[in-house]
Every structure is written in C-alpha cells, then in structure tokens.
Amino acid sequence: MKLTQLAYKTLRDTGSDAETSSHALLLQAGFIHQLGAGIYSYLPLALKAIKNIESIIRYEMDKTGAQEILMPHIQPQELWDLTGRTTAFGDNLFTLKDRRQRGLVLAPTHEESVTTISKSIIQSYKDLPFTLYQIQTKFRDEARPRAGLIRVREFSMKDAYSFSANEDSLDEIYESMAIAYKNIYQKCEIPVLMAEADSGAIGGKDSHEFIYPTESGEDTVITCSNCQYTANVEKAIGILPAENHDTEAPQAEISTPGVTTIEEVCNFLNINANQTLKSLCYSADGQLVMVCIRGDLNINEVKLKHILNATELRAASTAEIEQEGLVLGSMSPLGISNINIIGDTSIVTKKNLTAGGNKPGTHIVNINYQRDFHVNQIADISTVTEMHLCNECNGKLEAVRGIEIGHIFKLGSFFSESLGLHFTDQDGKQQFPLMGCYGIGVGRLLAAVVESNHDDKGIIFPKNVSPYQVHLIALNANDETCYEKAHAIYDSLWDHGVTCLFDDRTDQSAGVKFRDSELFGIPLQVIVSPRNLNNDICEIKLRKTLETYSVPLGETIDHIVNSI
RNA sequence: CGGGGUGUAGCGCAGGGGUAGCGCGCCUGUUUUGGGAACAGGAGGUCGUAGGUUCAAAUCCUAUCACCCCGACCA
C-alpha cells in the first residue's frame, strides 16, 4: 500500500478526549474513528491489525479442535426469556421490535443461539464433545463506555462454546482453552495474569479471567508475591493475622454526639479504624440483613451475595433501616436479635472494638464477639486488601489494576437445561450436556497490544499484529532515482510475499515521514534516500529500539526477507 | 443513575451583548527536502439544538441533546 493512496490522517495533537495511551495513539495514528459513545470504526491500518489478531486467534482455536461458525446478531427475544437473561442483562441489552411488534435482541453474547443450534446436532453421547466458536460483533448498552476501545457498546468478540458429556471432558477442554489463550497473548506480546474469577449470575464451577496489568484498567486482581495465587478481588480470599492477644476490657457507653462515620468515630476517640466494628444493612431479595465487619475493611458484595444465596443484593435504604428501629450512624449488632446478622471473619481478629450503641449519638467501647454480641453466621465477606496474607502460603498479597482481555467459564448445564438440550448417555438415560464458554474481546485486545507496546513516539507493533511487515520510506520521493529505486524495492518485497507500506509522498519532509512511521509502529523500516543511494546502501531501522544500520543496496531484499 | 466538565473551521483552542478569531491542517504558486520547511496568496463557520430576553445573542436566561472524566453498574 502506498501512503498516497491510503485513507488515513495522522494528527499532530492527541485528541483531548483521549486519556489512555491506546485511545490517544489509535486516534492520533488515524487507526480508529468514533461515531458515538463507545461506537468506533476501524480504519484500514487498524483493520489490518485486527485481522492479524483474528488469525492468531483462529489458529489457536483451530488447534484445539474448535470449529468456527457464524450466528445471527438479531435474535428473537423469546429465546432470551427462556434463560431469564432478558432480565439478567437488563438495560445492557439492546432490544428492538420488528414490523409485527415482535421483540428482538441485538445479541450481547451467543449462548442462547449456540445452545439452540446444538439441539439439532446433539442426540447421543457419541455426538459429544465438540467446541464451536465465532468471531462476531456483540452489542451491549454499557452504562458507561470509556477509554477508546476498552469499553465499547459494539465490539468484536471471539467466543467459543464447548459441549461435553461429562466433567472430565469439560475439564479437558477448559484446560486446552487456557493454554490456547496463553499462546494468543504471547503472540500478541501482552503480559497477562490468569486470575480466578467469580463465575457471575449463572454460576458454574470454575472461571478464570486473563488480565493485562495496567493502571488504566477497570479490574483489580489480588496476586501473591510468594506463590502462584492470583484472583480477581471479587473472588479473592485472604487471611488476616489475628491480633486478639489483649484481655477483654469491660464495655462502656460513650456519648458521641454527631459522630456517625467510622472516620468520625476514629477522630473522636483517637483510635485506628481497625479497632472499630462497622455495621451495614443490605436488602437481599427484599430481606433486611445486617452485616458486620472490622472498620478498616470493606464488604465484598459478591461474596456476601453467595453467602446469602441471594439473586438481588443492594444497600438497604434509610427507610428500610429505620423501619427495623435501627439508628443510622450508631448501628451495631449489640442487643439485636430480630434481624439476620452476618459477621465477617475479621471481627474475631481483634478484641475491644468500638461499635454503635443503637441509640443516636452513642457508641460502645470494648465490645467483644461472643461476650457482648452474637451473629447468625461468621463468614468471609471482606474485600481482600494488602493487609491480608495469602490463603495458600501466608505470603504477601498485592493488588494490581488491569484490563480483562479474556474470560473462560465452566457453565455447567444451565443453558442446556433451560433451553432443553439433552442427549442419551451410554446407559440410555437423558442427560444435559455440560457447557463451557471462552471469550476474548478482539478490539480490546488491539487496545491492550497498543497499551503494552508503545513509547512516547507511537505504537510499537509486535510483528504478528503489525498492519504491514515493512514500512518503506522514500525520503525524497521527488528525486526520480530515489523514487524509482524505492518503488523497485516495494515491488520486489511484495513479490517475495512481504507486506509493505510505502511512504511515497512527494510533499512531505523527512521529519514528517519519520514521525508518521513512528506513530504507525510497523516493526521494520526501510529508508531509501539520495544520500544512501550515493553510498550504494539502504538503511534499516528497527521501530522498537530506533536503532539504524546500513546494508548494501544489492542485498536489501535478501536482508529484509531474512530478518522478518 | 449520581457528581464534575466540555460543545466556536478538519484538529487543538481563545473570545463572554454590537464586523467570527488564533495555531496546526487544507488549496494555489515559488523556493525547499535526513527529524513535524519558508515566503506569498486563498478557501473554509446557521458558535451543539430549540425556545426566550434585547434595537442587537456565540456571549444573558430556560430547556434539551451530544461527548468526556469519576463513581454506581457490568458473565
């Protein structure tokens, strides 16, 4: 491709809207164009890179034996009603009506359709296992699109869906997918953490996320500095060192007018937050639940939801709390017996805590679990912090921000049961296949490639992803000899099967050409100029290091072919 | 959905009742050509949208829309 023919426009300034490096660079290099919030076009250079990422993914999927299919984006809403996901996705679901006013869904993912398709394929255990995958656009009406390609409303995703007759088969496929994913990230030169993840509303046995660590990410992963333990903070468990060596002191009521928050209590009494007991109320499927935790920690609502086996969990409203006679700001489990109370394990790690007095403007000091109050259940419901130690090895835990660039799930039989997909096993009994699903956001992967491979001058593409293999620059394309020689190299490279972008512009200075080549990030640059031609050489420049060296003109093609 | 911010030329921004501005980019010409060239000339705007106030609105008021950031949300 010649630059004089390429539809592109590089920008001198990065757009003021762009906060993350991938967003800024993809805009500045003219790779993407925004049409609306979270709605982007991929321009020619970006699409080349996307296609390369897709072919890496296809190769790794095909290697596992997965088979590619295409499915409809527009799906009957009835299908989604069967699995209850019309409600589960809620406002995130794009819906529309056809001319007969029948409800349709713009598919945010494809479990419903792939499961339905499989009903026509699976009858016997002999038909299992198999894995289907797709690389297709998905639609989600995200509450807040952000950061360029990181969180968008229309996006391309590779999703694979496996169907197995038994757990062993599912485990085997899951394992092979994890390996394929690691290979994909490696080829894209993106470092990843494989983290245990919450399996979400649908449940299922195992789930792992692949997280690219970066400050601009939306997820937090807890990782052990000593062992392999890595988990999303939603799921992570840790242990708090017990500090309950003190002897239990007599409790005493203290007047604390106007003091309601943990911070205010600490300031008022000049104590640390870890010497307080924090009590909160939640509404779990309409039932009020009191939750107690050490004051310096936070509730992990995902864990709490699991403990309560609740489908809907939210903070209780002031009205709901007061209806039970509880006092906001001075709430505690002291003397409370008519409400379900869950205590975090942290409340037994320390003695002589300070808690609310269940009367306005009152707190009680030196309260101790069991001596002074009881709960219905002690459970791990805290969000792991760097104060926690690793549950596996007692090592130090670290919190890392990152972008989720892949997620694999063991779904179990949820979809096969709700959509009536079954098979006959060896004993002639009807069974539901066990499913797994394995997703990678393709556009997000491109963003992650750029995030993890750039410098202050522009993108530095890994060679497997780069839109072209070589960026050929005719420094002075006005010079007839220079242009012709460069053009000969261009033709020859294509003849040798090397893809090449040719900066043949006659109206741009050397500086502009170098800047653009650095923005585009094609790994290998070839510089042809009158000066070089006079010396009978050609210059090779590596984008990553910006290192330059000369090769004899006659050996240019061979050299390039050998070095890519 | 809450909080904050921004909408003026392709991009980045200034201007705050009285002729629509700057830088970059764009077009034409001349000279240039190894790190975002110089000079000369030129094109490009219903100032997000709709109402209102006013002799007069990009500017003041009201509403509304869009986009960005933080949070909530998020298989």
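Labels below follow one simple rule: chain letters A, B, ... track the order of the sequence lines, proteins then strands, and each chain is numbered from 1. Model, not experiment: these values are computed from the prediction.
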What about A/Lys541, does its side chain sit under 3.5 Å from the base of B/G35 through a donor-acceptor pair?
yes
Taking N and O atoms by type only, does the side chain of A/Arg151 place a donor or acceptor under 3.5 Å from a partner on the base of B/C74?
yes
If you look at every strand shown and take non-hydrogen atoms under 4.0 Å, does [X] touch a base, only sugar-phosphate, or nothing?
X        : result
A/Ala143 : base
A/Ala147 : sugar-phosphate
A/Asn532 : base
A/Glu539 : base
A/Asp516 : base

Please determine whether a side-chain nitrogen of the Lys or Arg among A/Lys235 and A/Asp198 lies less than 4.0 Å from a carboxylate oxygen of the Asp or Glu.
no
Spacing of [X] atom [atom1] relative to [N] atom [atom2], expressed in whole Å:
X        : N     : atom1 : atom2 : value
A/Asp507 : B/A38 : CG    : P     : 15 Å
A/Arg543 : B/G35 : CZ    : C1'   : 14 Å
A/Met157 : B/C74 : CE    : P     : 17 Å
A/Arg153 : B/C74 : CZ    : P     : 18 Å
A/His33  : B/G10 : NE2   : P     : 12 Å
A/Gln508 : B/C24 : CD    : C1'   : 13 Å
A/Arg515 : B/G34 : CZ    : P     : 15 Å
A/Asp219 : B/G71 : CG    : P     : 12 Å

Could you please name the partner base of [N], counting Watson-Crick and G-U wobble pairs only when both distances are under 3.5 Å?
N     : result
B/C39 : B/G29
B/A56 : none
B/U46 : none
B/G71 : B/C1
B/G21 : B/C13
B/A66 : B/U6
B/G34 : none

Closest to the [X] side chain: [options]?
X        : options             : answer
A/Val512 : B/C69, B/G34, B/G36 : B/G36
A/Lys9   : B/A75, B/G25, B/C73 : B/G25
A/Ala37  : B/C69, B/G36, B/C67 : B/C67

In terms of the nearest nucleotide of RNA chain B, which residue is placed more toward the 5' end: A/Gly36 or A/Glu234?
A/Gly36
Of A/Ile527 and A/Arg144, the one whose closest nucleotide on RNA chain B sits nearer the 5' end is A/Ile527
Do A/Lys457 and A/Leu546 make a side-chain contact, defined as non-hydrogen atoms from C-beta onward lying under 4.5 Å apart?
yes
CG/A/Asn476 to CZ/A/Arg531 distance, rounded to the nearest 0.5 angstrom?
12.5 Å
Approximate separation, where rounding is to 0.5 Å, of A/Thr230 OG1 and A/His208 NE2
9.0 Å
Is [X] near enough to [N] that one of its side-chain N or O atoms lies under 4.0 angstrom from OP1 or OP2?
X        : N     : value
A/Gln34  : B/C68 : yes
A/Arg12  : B/G12 : no
A/Arg140 : B/C73 : no
A/Ser509 : B/A37 : yes

Are the ring centres of A/His471 and A/Phe461 closer than 6.0 Å?
no
Checking one value: the base orientation of B/U19, syn if chi is within 90 degrees of 0, otherwise anti.
syn
B/A43 to B/A20 separation - C1' atoms, rounded to the nearest Å
16 Å
For the pair A/Tyr8 and A/Phe520, name the ring-plane relationship: parallel under 30°, tilted 30 to 60°, perpendicular over 60°.
perpendicular
Check ring pair (Phe, Tyr, Trp, His ring centres under 6.0 Å) between A/Phe514 and all other residues, then give those that pass, not counting sequence neighbours.
none
